[in-house]
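Before any comments, here is the structure.
Quick note: numbers below take in every heavy atom, side chains included, and nothing from hydrogens, waters or symmetry partners.
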Amino acid sequence: WSQKFAQLELSYQAELAKKDAETARLRKQIERLQNYEARLEREKDKLAQALERERQNCALQLRARDSEVDYLKRKLTRPEKHIDVIEWARRQFSDRLVMHKRTETLMDKKTAWGVDLGLLCDALDFLATDYWDYRFDRLPVEEMNRRCSAKYGRPFDVTKLGDLTIEFTPGEYKIKYKMTGTEKAREYALSWHLTVGNDPENLLRIYFFPDDKARKLVIGSMPEHLRAVQIR
């Protein structure tokens with residue numbers, strides 16, 4: 001019995017060693033499969049990200065094409081006189097621009113008529129489309145600039161005004177406006193401006209501020225340069 005038990009023990013040990021080897025082999029195989037699966041998941045994520053980038057790029061291109069087509073259609077409706085620009089802008093961009101009453105007075109001045117009419121309409125068009133998309137709809141600045149170049153054949157520079165200029169000449173740079181959601185009108189600073197040129201023959205300025213709740217740009221002065229404070 002002792003000899004038989006020893007033989008059985010040896011047989012079981014050999015069988016266990018065989019099973020251990022098979023288990024180790026299967027574990028390695030499972031590990032390789034898990035690594036392969038993880039690699040596939042990473043590759044799938046990369047492909048999904050690349051596909052999403054391509055989808056977004058195609059969507060941007062489609063929007064840009066639509067924007068160019070709409071621009072050409074609007075160009076056919078442009079006014080022939082400076083005094084008609086305000087109504088044209090209100091009609092074309094009522095959901096994006098607010099043309100303050102002050103702009104009517106300024107555009108009625110004979111000195112305003114010297115500003116290139118096509119340039120002025122292009123600048124308003126840019127503010128209501130590409131710049132609006134950039135400010136309120138997260139359009140990348142590179143795409144905004146690309147569209148601007150494609151449609152207008154030139155860049156438009158939009159910058160923020162310094163507080164010093166506004167505070168020292170409030171009559172020039174502040175207008176009364178009833179902000180969306182408020183009960184009554186109050187003074188707001190024209191803290192942003194679109195600028196073109198520095199010489200009188202090529203100069204254009206459009207001063208505005210955003211109504212963020214309404215998602216509109218409030219145009220308070222154009223097309224001439226407002227008086228600025230000078231420190232000596």
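- Judged purely by atom type and a 3.5 angstrom limit, Thr103 uses its side chain to pair as donor or acceptor with the backbone of His100.
- Note: Trp132 and Phe136 have tilted aromatic rings, judged against thresholds of 30 and 60 degrees for the angle between ring planes.
- A donor-acceptor distance shorter than 3.5 angstrom exists from the side chain of Arg205 to the backbone of Val196, with no hydrogens or angles considered.
- Environment of CG in Asp163: sparse, with no more than 12 heavy atoms of neighbouring residues, nucleotides or ligands closer than 6.0 Å.
- Around NZ of Lys178, the count of heavy atoms belonging to other residues, nucleotides or ligands within 6.0 Å exceeds 12.
- With 3.5 Å as the limit, one finds no donor-acceptor pair spanning the side chains of Thr169 and Lys174.
- Checked by atom type and distance alone, the side chain of His82 pairs as donor or acceptor with a backbone atom of Val115 at under 3.5 Å.
- Interatomic distance, CG of Leu120 versus CG of Asp125, reported as 11.0 Å (0.5 Å rounding).
- Met144 and Leu62 sit in two unconnected hydrophobic clusters of ILVMFWY residues. Membership requires side-chain heavy atoms under 4.5 Å apart, directly or through other members.
- The main-chain N or O of Leu139 is never found under 3.5 Å from a side-chain atom of Asp137 such that the two would form a donor-acceptor pair.
- No donor-acceptor pair under 3.5 Å is formed between the side chain of Asp108 and the backbone N or O of Glu104.
- Between Thr165 and Leu226, every side-chain heavy-atom pair lies at or beyond the 4.5 Å cut-off.
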Quiz item: Does the side-chain hydrogen bond (donor to acceptor under 3.5 Å, both in side chains) test come out yes or no for Thr129 and Lys151, once each step is laid out?
Solution: CA-CA 11 Å; Thr129 57; Lys151 285 196 293 185; 3.3 Å; yes
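- The CD atom of Glu68 sits 13.5 Å away from atom NZ of Lys73, with the distance rounded to the nearest 0.5 Å.
- Annotation: side chain of Tyr134 is not in contact with side chain of Asp130 (no heavy-atom distance under 4.5 Å).
- Within 6.0 Å of atom CD in Glu22, more than 12 heavy atoms from other residues, nucleotides or ligands are found, so the atom counts as buried in its surroundings.
- Ser191 and Ile166 make their closest contact through CA-CD1, 4.1 Å (heavy atoms, listed as atom of the first residue, atom of the second, distance).
- Other residues, nucleotides and ligands contribute only 12 or fewer heavy atoms inside 6.0 Å of the CD atom of Glu183.
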Quiz item: So Leu161 and His193, side-chain contact (heavy atoms from CB on, under 4.5 Å) or not? Walk me through it.
Solution: CA-CA 7 Å; Leu161 288 162; His193 67 340; 3.7 Å; yes
Quiz item: What do the steps show when you test His225 against Tyr207 for side-chain contact (heavy atoms from CB on, under 4.5 Å), and what is the final call?
Solution: CA-CA 9 Å; His225 199 302; Tyr207 297 85; 3.6 Å; yes
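- Leu16 belongs to no multi-residue hydrophobic cluster, having no ILVMFWY side-chain contact under 4.5 Å with any other such residue.
- Placement of Leu72 and Tyr152 within a single hydrophobic cluster is found when ILVMFWY residues are connected by side-chain heavy-atom separations under 4.5 Å, directly or transitively.
- The only option from Arg78, Lys75, Arg154 that meets the side-chain hydrogen bond (donor to acceptor under 3.5 Å, both in side chains) definition with Asp122 turns out to be Arg78.
- Aromatic ring orientation, Trp192 versus Phe208: parallel (interplanar angle below 30°, classes split at 30° and 60°).
- Inter-residue side-chain proximity for Val98 and Ile219 is flagged as unmet; no heavy-atom pair is nearer than 4.5 Å.
- Annotation for Arg25: atom CZ counts as buried by contact number, over 12 foreign heavy atoms lying within 6.0 Å.
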Exercise. Just do the salt bridge (charged side-chain N to carboxylate O under 4.0 Å, His left out) check on Glu15 and Lys18 with the steps written out, would you?
Key: CA-CA 5 Å; Glu15 189 66 24; Lys18 183 179 178 182; 5.1 Å; no
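- Remark: the backbone N or O of Met99 is paired with a side-chain donor or acceptor of Arg90 at under 3.5 angstrom.
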Quiz item: Passes side-chain contact (heavy atoms from CB on, under 4.5 Å), Lys216 versus Arg96? Steps please.
Solution: CA-CA 5 Å; Lys216 292 182 179 182; Arg96 295 191 171 195; 5.6 Å; no
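- Environment of CD in Gln3: sparse, with no more than 12 heavy atoms of neighbouring residues, nucleotides or ligands closer than 6.0 Å.
- In this structure the side chain of Val158 reaches within 4.5 angstrom of the side chain of Leu127, judged on heavy atoms.
- Put simply, the side chain of Arg138 does not reach to within 4.5 Å of the side chain of Asp133, judged on heavy atoms.
- For the atom pair Leu190 CG and Glu172 CD, the distance stands at 10.0 Å (nearest 0.5 Å).
- Note: Leu47 CG to Leu40 CG = 10.5 Å, rounded to the nearest 0.5 Å.
- For Asp211 and Tyr188, the side-chain atoms include no donor-acceptor pair closer than 3.5 Å.
- A heavy-atom distance below 4.5 Å is not found between the side chains of Pro79 and Lys81.
- Between the CZ atom of Arg186 and the CD1 atom of Ile175 there is a distance of 11.5 Å, given to the nearest 0.5 Å.
- Using a 4.5 Å cut-off on side-chain heavy atoms (C-beta onward), Glu224 and Lys109 make contact.
- Using a cut-off of 4.0 Å between Lys/Arg side-chain N and Asp/Glu carboxylate O, Arg39 and Glu43 are scored as salt-bridged.
- No donor-acceptor pair under 3.5 Å is formed between the side chain of Ser149 and the backbone N or O of Asn145.
- Follow the hydrophobic side-chain contacts under 4.5 Å out from Leu106 and you never reach Leu204; the two are in separate clusters.
- In this structure, the side chain of Trp113 engages the main chain of Met107 through a donor-acceptor pair within 3.5 Å.
- In the hydrophobic clustering of ILVMFWY residues, with side-chain heavy atoms under 4.5 Å counting as a link, Leu217 and Val141 come out together.
- Here the CG atom belonging to Asp45 is positioned 6.0 Å from the CD atom belonging to Glu41, to the nearest 0.5 angstrom.
- For Tyr131 and Arg135, the side-chain atoms include at least one donor-acceptor pair closer than 3.5 Å.
- When all heavy atoms of Cys148 and Pro155 are compared, the pair lying nearest together is SG-CA, 3.9 Å.
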Exercise. Verify salt bridge (charged side-chain N to carboxylate O under 4.0 Å, His left out) between Glu143 and Arg147, making sure each step is shown before the conclusion.
Key: CA-CA 6 Å; Glu143 179 64 14; Arg147 290 187 192 179; 3.3 Å; yes
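- Side-chain contact check for Tyr177 versus Lys101: every heavy-atom pair is 4.5 Å or farther apart.
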